[in-house]
Amino acid sequence: MLDINFVRQNPDDVIAMLHRRQMGGDAGKVYKLLDIDSSRKEMVQRTDDLKALRNRVSKEIADIKRSGQGSAEELISQMKSVSDQITELDADLAKLETEMEELLLTLPNRLHASVPEGRSADDNLLYKGPVEFTHDLDFEVRNHLDLGKSLGILDFERGAKISGAGFPVYCGKGARLERALINFMLDTHTENHGYTEVFPPFMVNQESLRGTGQWPKFADQVYFMPEDGLYAIPTAEVPVTNLHRSEMIDPAKLPIAYVAYSACFRREAGSYGKDTKGFLRVHQFNKVEMVRFTRPEASYDALEQILSHAEAILCALKIPYRVITLCGGDISANAAKCYDIEVWSPAENKYLEASSVSNFEDYQARRSNIRFKADSKSKPEFVHTLNGSGLATSRLMVSLLEHYQTADGKVMVPEVLRPYTGFDVID
RNA sequence: GGAGAGGUCGCAUAGUUGGUCUAGUGCGCUCGCCUGGAAAGCGGGUAGGGUGUAACAGCCCUCGAGGGUUCGAAUCCCUCCCUCUCCGCCA
């Protein structure tokens with residue numbers, strides 16, 4: 001969420017940002033917010049004055065009672081009415097503060113100056129690549145669905161039977177390949193890139209969703225367990241970022257770098273009919289996620305580092321990809337800047353998003369109250385949070401199967417995964 | 001699921017017949033004095049948020065969270081959360 005002080009001092013910047021995000025219609029929210037903010041201040045002043053009076057007189061009453069000199073009846077009845085006023089004003093104030101909080105929570109993050117202008121995904125800019133790796137595909141390529149089915153490694157039909165559409169089952173060598181990918185990525189990030197591995201819960205409370213910004217914006221995209229008030233995580237970003245919710249981080253520990261595997265659950269409501277084939281859009285998938293907490297001045301370097309760490313996986317797997325910078329109209333509300341890594345699918349003949357690498361600056365940290373003190377004397381500051389998929393296996397699997405297929409319908413296992421799979425070829 | 005105990009300012013603790021607790025003490029940390037230097041000793045400081053100020057000061061709120069009673073709540077009442085112990089059940 002945005003700092004109300006920033007909004008107050010730079011309302012025009014906030015509105016300009018909304019326009020860059022193609023959300024100019026929300027400009028009214030900013031004025032409403034400022035309006036509420038100023039009445040809130042006024043009201044705080046009034047209640048605080050009354051509370052100060054009550055505190056002072058209550059002490060006088062205590063003195064009178066203790067000494068037994070004189071009567072406190074008059075003061076008590078005065079304070080009774082003061083207290084009634086306070087109760088009333090506090091209720092009004094609480095209402096205002098709730099309203100203000102709700103407005104603030106729905107405003108998107110600031111945008112970094114380097115985020116390109118644009119209305120939609122068509123206006124995203126190529127940042128790196130395409131990075132090519134040659135694979136011998138001079139035959140009729142099959143798509144990942146055909147390959148998965150004929151090799152008996154993917155079973156969408158039975159997944160639909162036991163759970164529903166969009167819940168794939170991996171079988172035999174497919175299951176092993178999936179596990180190999182996850183392990184390879186975790187090992188690479190922990191051993192080569194300096195991340196600490198975390199294995200988080202897959203269900204979280206609403207506070208956690210709010211902390212990272214999925215709540216309230218994506219409320220309808222998250223699976224909910226009403227009996228227990230728990231939500232299935234749409235990404236490991238949620239539990240891992242919330243590890244430090246409401247904490248004052250020891251500055252010596254910064255920057256913090258975590259990597260986590262998790263299953264990810266998404267309802268994908270409203271997207272029926274789009275990319276329904278196989279792995280292109282599923283309700284449950286696996287992802288290895290990198291999450292970082294940095295000092296504000298270090299976050300943009302960290303963004304590039306996370307990107308390079310995700311790229312390192314694709315280079316090791318020799319999977320062609322490119323990196324794009326999302327434009328103002330396409331970037332998510334939480335992010336100040338975001339790169340997408342897209343892997344090439346020879347069968348679909350297009351790039352598929354396999355990773356998103358984002359800097360949230362202090363947007364999530366403010367929501368989830370994650371701070372540090374540069375030194376013992378300085379004021380607490382919000383950390384910057386970042387994350388990047390490194391990577392999601394579903395679309396990676398699409399690209400991998402398609403690139404590594406052979407003319408006779410088998411799939412070779414990429415070199416680097418062979419120690420993990422224990423076999424060289426899927427047949 | 002049932003019964004009990006407990007959650008206090010970094011840590012450990014005091015405080016539960018409501019008012020002298022805007023929270024004491026010890027440890028830790030930190031600054032100063034002392035010292036050739038250090039230890040010990042002595043003295044001071046040591047949370048967050050809001051409001052306010054040029055900046056201070058001041059004022060308000062926070063003793064797990066949220067309500068309530070009261071002129072006044074760490075202290076009484078209610079709800080919830082968490083931790084520990086015991087019992088039951090169980091992948």
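Just so we're clear, the structure is a prediction, and the values are computed from it rather than from any experiment. Throughout, protein chains are lettered first and strands after them, A, B, ... in sequence-line order, and every chain is numbered starting at 1. Computed from heavy atoms alone, side chains included, the values below leave out hydrogens, waters and symmetry copies.
In this entry the distance linking CZ of Phe372(A) with P of A47(B) reads 19 Å, nearest Å. What separates CD1 of Ile61(A) from P of G72(B) is a distance of 8 Å, to the nearest Å. Regarding Asp49(A), its CG atom lies at a distance of 12 Å from the P atom of C59(B), rounded to whole Å. When rounded to the nearest whole Å, the span between NZ of Lys59(A) and P of C71(B) equals 18 Å. Atom CD of Glu97(A) is separated from atom P of C60(B) by 17 Å (rounded to the nearest Å).
Inspection of the Gln364(A) and Asn334(A) side chains reveals no N or O donor paired with an N or O acceptor under 3.5 Å. Asp155(A) and Tyr170(A) are not linked by any side-chain donor-acceptor pair at a separation below 3.5 angstrom, with hydrogens and angles left out of the test.
Spacing between U16(B) and A73(B) at atom C1', rounded to whole Å, works out to 11 Å. A gap of 12 Å separates the P atoms of U62(B) and G68(B), to the nearest Å. Between A23(B) and C77(B), the distance separating the two C1' atoms is 23 Å to the nearest Å. For the P atoms, the distance from G88(B) to G2(B) is 16 Å, rounded to whole Å. Between the C1' atoms of U46(B) and A39(B), the separation comes to 23 Å (whole Å).
Considering only side-chain N and O atoms, Lys373(A) lies under 4.0 angstrom from the phosphate OP1 or OP2 of G48(B). Taking 4.0 angstrom as the limit, Lys41(A) places a side-chain polar atom (N or O) nearer than this to OP1 or OP2 of G52(B). In this structure, Arg371(A) does not reach the G48(B) phosphate: none of its side-chain N or O atoms is under 4.0 Å from OP1 or OP2.
Listed by residue number, Ile76(A), Met79(A), Lys80(A), Ser83(A) are the residues of residues 74-95 of chain A with a heavy-atom contact under 4.0 Å to RNA chain B.
When every heavy atom of Leu177(A) is checked against every heavy atom of Met397(A), the shortest pair comes out as CD2-SD, 3.6 Å.
Taking a cutoff of 4.0 Å between a charged side-chain nitrogen and a carboxylate oxygen, Asp37(A) and Arg8(A) qualify as a salt bridge. Residues Lys373(A) and Glu381(A) are not paired through a salt bridge, judged by the lack of any N-O separation under 4.0 Å between the basic side chain and the carboxylate.
The residue Arg56(A) sits apart from the nucleic acid: no heavy atom pair falls under 4.0 Å. Residue Lys51(A) is classed as a sugar-phosphate contact, given heavy-atom separations below 4.0 Å to backbone atoms only. Within 4.0 Å (heavy atoms only), Asn55(A) reaches sugar-phosphate atoms of the nucleic acid but no base atom.
Closest to the side chain of Ala52(A), out of G49(B), G19(B), C60(B), is C60(B).
Side-chain to base pairing of Asp63(A) with G19(B): no donor and acceptor N or O lie closer than 3.5 Å to each other.
In this structure, the side chains of Glu402(A) and Arg142(A) stay at 4.5 Å or more apart for every pair of heavy atoms.
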Atom pairs and distances, donor-acceptor, side-chain atoms in residues 55-63 of chain A, under 3.5 Å, two or more places apart:
| unit_1 | atom_1 | unit_2 | atom_2 | d |
| --- | --- | --- | --- | --- |
| Asn55(A) | ND2 | Lys51(A) | O | 3.4 |
| Ser58(A) | OG | Arg54(A) | O | 2.9 |
| Asp63(A) | OD1 | Arg66(A) | NH1 | 3.4 |

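Of the options Phe202(A), Trp215(A), Tyr223(A), a ring-ring contact (aromatic ring centres under 6.0 Å, His included) to Tyr231(A) is made by Trp215(A) and by none of the others.
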